[in-house]
Amino acid sequence: MDSVELLPDAVWRQSFRRQLLRWFRRNARDLPWRQTKDPYAVWVSEIMLQQTQVLTAKSYFVRFLQRFPDIATLAASSEQEVLRYWEGLGYYRRGRSLHQAAQRMMAEFEGKFPRDPQAVQKLPGIGRYTAGAILSIAFDDRLPILETNSIRLLSRLLAYQGDTTRSVGQKLLWTFSEQLLPRRNAGSFNQALMEVGSCVCTPKSPACSNCPVRKLCRARSQKLQEVIPVVKQKTQYEDLHEAAVVIWRGQKVLLRRCTTGERWEGLWDFPRCEISAQKEHLLRKEIEKKVRKLTGFTIHVGDSLATIRHGVTRFRIKLECYEAGVLGSSRSRVSLQQKWIPVTTLEDYPLSVTGRKISRLITES
DNA sequence: AAATCGGGGCC
DNA sequence: GGCCCAGATTT
């Protein structure tokens, strides 16, 4: 049994395109990335919007384009500055991939955004969705998209009761998305899919009565719009107990660059370690030992600064923050991955959210 | 084909 | 605490 047989016919599709595009012309939100078709700007917006809400991405987009207006500027900048502009957006790999891809475009595509979907998809941080989105929006190339909003809209239109995250469901919806594409205006059409999915065909209590394609929706006719798409399983959270130390040496503090395999790769952070001791004095000993192993500096843990609770992906972190002083060093641990910086220059470094909180704690008092 | 990536906002 | 978000990458 092939579920592709359930896809609507040509008459249905033509009606759908007309209704959707008509609605989009009247209801499209005024978003900053919609004021241009520059593939670079579209690209930046699409990367920022990956797993990130429109409202969150808006201000970041404007600020980022002001500082990095084109591919050449981005490619010529340091990864650290790019990440500084990305700070707070999360999934920092996106920022690093963006920077890396810009450099590749300078080297391989004469500084221009490539037009070939295959080439685009080979760039870091760009998968099938993002490639289709950029090329359709910037050039009206006839490429399908499929992301969270369109998945919800399309699965409801079909009353598809299978799991949309599995390959069978994905294959069906990609095919559907492709068949729906109009000959022209693929960019507006794809954005319209997402706009309806986001603003009308919402996860809970979808506004079916205001939906431009309600007459075409099988989920609605079967009153299944609240249960499609099927919900995925809940995430299993893991509790972590960690400590971070602000190690002072005069007016300077020690910062460490997070490396491969750690959280916040590429960002800077105060030395941090996992902790297990329960009693206060044992805890300090544990931190002193682990920080020495981590940084090469022998420290004395002093006053407690704060306890910060922070969630990241599936982890719930309880972070104990301390101030500390240096007693000595092993000198053999010289590294580009850590350095003493004047507290006044913390603004120049991309920090994790918890790192920035600690930075504010010690500079605003 | 399914888990993971090590995020963050909002209710 | 749970749910959601213009996915990509790894296993």
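A, B, ... follow the sequence lines: proteins, then strands. Residue 1 opens every chain. The model shown is predicted, which means the values in this text are computed figures rather than measured ones. Every heavy atom of this structure was used, including side-chain atoms; hydrogens, water molecules and symmetry mates were not.
A heavy-atom distance below 4.5 Å is found between the side chains of A/L172 and A/L158. Residues A/F24 and A/V196 are not in side-chain contact: their nearest non-hydrogen atoms beyond the backbone lie 4.5 Å or more apart.
Applying the 4.0 Å criterion to OP1 and OP2 of B/dG8, one finds that A/H310 has a side-chain N or O inside that range.
If you walk DNA chain C from 5' to 3' and mark each nucleotide with an atom closer than 4.0 Å to a heavy atom of chain A, the marks span C/dG1 to C/dT9.
Toward the 5' end of DNA chain C, the nearer of the two residues A/I126 and A/T52, judged by each one's closest nucleotide, is A/T52.
Residue contacts shown for A/W33 include a base, since a base heavy atom lies under 4.0 Å away. Across all strands, A/R272 comes closer than 4.0 Å to no nucleic acid atom at all (heavy-atom distances).
Residues from residues 112-125 of chain A that place a heavy atom under 4.0 Å from any atom of DNA chain C, listed by number: A/P124, A/G125. Less than 4.0 Å separates DNA chain C from at least one heavy atom of each of the following residues of residues 133-163 of chain A: A/E147, A/T148, A/N149, A/R152. Applying a 4.0 Å cut-off to non-hydrogen atoms, the residues of residues 187-211 of chain A that approach DNA chain C are A/M194, A/P203, A/K204, listed by residue number.
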Polar atom pairs between nucleotides 2-5 of chain B and protein, under 3.5 Å, N or O only, would you list them?
residue, atom, partner, partner atom, Å
B/dA2, OP1, A/R166, NE, 2.6

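Nucleotides C/dT10 and B/dG8 have their C1' atoms positioned 22 Å apart, rounded to a whole Å. Using C1' as the reference atom, C/dC5 and B/dC5 are 15 Å apart when rounded to the nearest Å.
When the side-chain hydrogen bond (donor to acceptor under 3.5 Å, both in side chains) test is applied to A/S150, the partners found at least two apart in sequence or on another chain are A/E147. When the side-chain hydrogen bond (donor to acceptor under 3.5 Å, both in side chains) test is applied to A/R272, the partners found at least two apart in sequence or on another chain are A/E242, A/D269, A/T354. Here A/T52 pairs with A/R94 under the side-chain hydrogen bond (donor to acceptor under 3.5 Å, both in side chains) rule; sequence neighbours left out.
Among the candidates A/I145, A/I126, A/I137, the single residue satisfying the side-chain contact (heavy atoms from CB on, under 4.5 Å) test with A/E46 is A/I137.
In this structure, A/R256 forms no cation-pi arrangement with A/F270, as its terminal cationic atom is not both closer than 6.0 Å to the ring centre and no more than 45° off the ring axis. Relative to the ring axis of A/W268, A/K339 places its NZ or CZ within 45° and under 6.0 Å from the centre.
A straight line from CD of A/E262 to P of B/dG7 spans 11 Å, rounded to a whole angstrom.
Within the structure, every pair that satisfies the salt bridge (charged side-chain N to carboxylate O under 4.0 Å, His left out) test and touches residues 63-73 of chain A, not counting sequence neighbours, is listed here: A/R67-A/E81.
We find that A/R84 and A/E87 are joined by a salt bridge, their nearest charged nitrogen and carboxylate oxygen being less than 4.0 Å apart.
Relative orientation of the A/W12 and A/F16 rings is parallel, given thresholds of 30° and 60° on the angle between their planes.
Counting Ile, Leu, Val, Met, Phe, Trp and Tyr side chains that sit under 4.5 Å apart, directly or through other members, A/L224 shares a hydrophobic cluster with A/V227, A/I228.
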Could you list the donor-acceptor pairs under 3.5 angstrom formed between side-chain atoms of residues 208-220 of chain A and any protein atom two or more places apart in sequence or on another chain?
residue, atom, partner, partner atom, Å
A/R214, NH1, A/C211, O, 2.6
A/R218, NH1, A/L6, O, 2.9
A/R218, NH2, A/L6, O, 3.2

Sequence neighbours excluded and cut-off under 3.5 Å, please list the side-chain donor-acceptor pairs for residues 307-314 of chain A, or say none.
residue, atom, partner, partner atom, Å
A/T307, OG1, A/E320, OE1, 2.9
A/R314, NH1, A/E238, OE1, 3.1

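Aromatic pair A/W264/A/Y91: centroids not less than 6.0 angstrom apart.
Looking only at atom types and distance, the side chain of A/D163 has a donor-acceptor partner in the side chain of A/T165 under 3.5 Å away.
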